[in-house]
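First up is the structure itself, then whatever we jot down about it.
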Amino acid sequence: MLDLRNVYYSYDKSQVIHDLSFKVERGEFLCVLGPNGCGKTTLLKNILGLLSPSSGSILIDGEDVQEMPITRLAKIMGYIPQAHTPPFPFKVFDVVLMGRTSYLSSLAVPGKEDEKIAFASLDELNISHLKDKIYTKISGGERQLVLIARALAQQPKILVMDEPTASLDFGKQHLVLEHMRLLSKKGISIVMVTHDPDQALFCANKVVLMKKGRLLSMGTPEETIIEDSMKKMYDIDVKINGMKLPDNRTIRVCIPVPKPLKARLRAINGNSII
């Protein structure tokens, strides 16, 4: 479905992405993991068509993203940012209904079918009770679920998320991740940037590890999120442990290994300590 082929991107003379290639199939949940400044958000902007690769191509079902009309692209890909505050106090239902914009002509207003789809998107995430509330006055976790509902109203094949749980508390993070995991099981492809290896271990079935704009590793969470790769990416020792859940599933968690601060700073910054 989504196919990146030898993608490079540079800001002026600064090369940010170097020769990235990977695929995301229908219903796959792919997490892009890497340290700050490694090019993750730039990668998402290229996938969304907001930036054009310096070379290489990004294809959806064999068609180049850069050659697709923006309204058609909006029907295929939904985007969920880290956070969003609109300039006006819209009702939750109106925010979700905005997801139907790409299906309307320039002077048209949403019709009954558009409203039906917006209601269904709220219902799918079990937040129909929020429909008449003011979007700016609900909690951060609820706003993030509303943004997902808005993206679902686009009826996309692919959902693209840039650290969608960054501003949420621990409980709300897992609520959002569980919803996204269920959506992928229904056939929606998901591409999510995260800083948290445990999130990738929890919800992804494919992981891309990036460092300095390059592909460090790609594969299943079990293949990629290992002690050696975490050391290479974050300059920190970790232990990967298995944990059995009440439903008999076993999940893996990534646990940092404490090390004296001076030794860690030397590992990150060379011999000088800042």
Side-chain angles (χ1 to χ4, degrees), residues 1-4 22-33 44 47-48 59-63 65 68 72-82 84 92-93 95-103 110 113-131 141-165 168 171-194 196 198-208 219-222 245 247-249 251:
M1 176 170 286
L2 178 66
D3 186 4
L4 278 72
F22 61 82
K23 292 183 180 182
V24 183
E25 303 294 344
R26 177 178 171 82
E28 276 193 326
F29 197 135
L30 178 137
C31 277
V32 181
L33 194 64
L44 290 193
I47 290 173
L48 291 164
L59 310 174
I60 296 177
D61 292 335
E63 187 173 355
V65 165
M68 298 173 70
R72 183 151 167 264
L73 197 56
K75 295 174 184 177
I76 296 173
M77 281 198 288
Y79 172 57
I80 301 164
Q82 289 185 30
H84 170 254
V92 162
F93 181 73
V95 173
V96 176
L97 194 57
M98 290 174 191
R100 301 300 299 164
T101 302
S102 61
Y103 292 86
E113 184 63 23
D114 299 304
E115 292 180 356
K116 180 181 176 182
I117 291 168
F119 276 121
S121 299
L122 286 165
D123 190 54
E124 184 161 4
L125 295 171
N126 299 315
I127 54 171
S128 297
H129 60 284
L130 297 176
K131 66 181 178 66
E142 289 171 332
R143 282 201 299 271
Q144 210 59 3
L145 289 174
V146 171
L147 292 180
I148 296 171
R150 184 184 66 175
L152 288 180
Q154 295 175 231
Q155 299 180 311
K157 296 180 179 178
I158 304 167
L159 283 178
V160 178
M161 303 184 291
D162 189 2
E163 297 183 61
T165 65
L168 304 183
K172 296 295 191 302
Q173 285 182 23
H174 280 269
L175 176 65
V176 169
L177 290 174
E178 188 61 36
H179 275 298
M180 302 313 299
R181 203 160 67 98
L182 292 173
L183 290 174
S184 72
K185 291 180 181 296
K186 293 180 179 180
I188 296 177
S189 302
I190 295 174
V191 178
M192 183 178 85
V193 159
T194 179
D196 190 342
D198 285 337
Q199 291 191 355
L201 287 167
F202 175 73
C203 59
N205 47 38
K206 183 182 285 187
V207 176
V208 164
T220 66
E222 292 74 21
L245 300 179
D247 61 3
N248 289 323
R249 280 187 301 153
I251 62 169

Among all residues two or more places apart in sequence or in another chain, which pass the side chain to side chain contact (heavy atoms under 4.5 Å, CB included) test with [X]?
{"X": "Thr101", "result": "Met98"}
{"X": "Asp114", "result": "Leu97, Arg100, Leu104, Pro110"}
{"X": "Gln154", "result": "Ala74, Ala151, Pro156"}

**Report entry** Evaluation steps, side-chain contact (heavy atoms from CB on, under 4.5 Å), between Val193 and Leu44
**Finding:** CA-CA 8 Å; Val193 159; Leu44 290 193; 3.6 Å; yes
Query - Counterpart residues, side chain to side chain donor-acceptor pair (under 3.5 Å), relative to Ser121 (two or more places apart) - result: none
Report task. Only counting residues at least two apart or in another chain, list the ones meeting side chain to side chain donor-acceptor pair (under 3.5 Å) with Lys172. Result -> none
**Report entry** Which residues share a ring pair (Phe, Tyr, Trp, His ring centres under 6.0 Å) with Tyr103, sequence neighbours left out
**Finding:** none
[Y] side chain reached by [X] side chain, heavy atoms, under 4.5 Å:
{"X": "Val160", "Y": "Ile80", "value": "no"}
{"X": "Leu73", "Y": "Leu48", "value": "no"}
{"X": "Leu201", "Y": "Ile251", "value": "no"}
{"X": "Leu30", "Y": "Val207", "value": "no"}
{"X": "Val24", "Y": "Val191", "value": "yes"}
{"X": "Lys157", "Y": "Ile188", "value": "no"}

Report summary line: In short, Glu25 meets Ser189 closest at the heavy-atom pair O-OG, 2.8 Å
Taking salt bridge (Lys or Arg N to Asp or Glu O under 4.0 Å) as the test, write out the residues that go with [X], two or more places apart.
{"X": "Lys206", "answer": "Glu28"}
{"X": "Asp162", "answer": "none"}
{"X": "Arg72", "answer": "Glu63"}

Query raised in the report: Side chain of Thr194, backbone of Leu33: donor and acceptor closer than 3.5 Å?
Result: no
Query - Check: Asn205 side chain, Phe29 main-chain N or O, donor-acceptor pair, under 3.5 Å - result: yes
Query raised in the report: What residue pairs, at least two apart or across chains, pass side-chain hydrogen bond (donor to acceptor under 3.5 Å, both in side chains) with a residue in residues 173-188?
Result: Glu124-Lys186, Gln173-Gln199, Glu178-Arg181
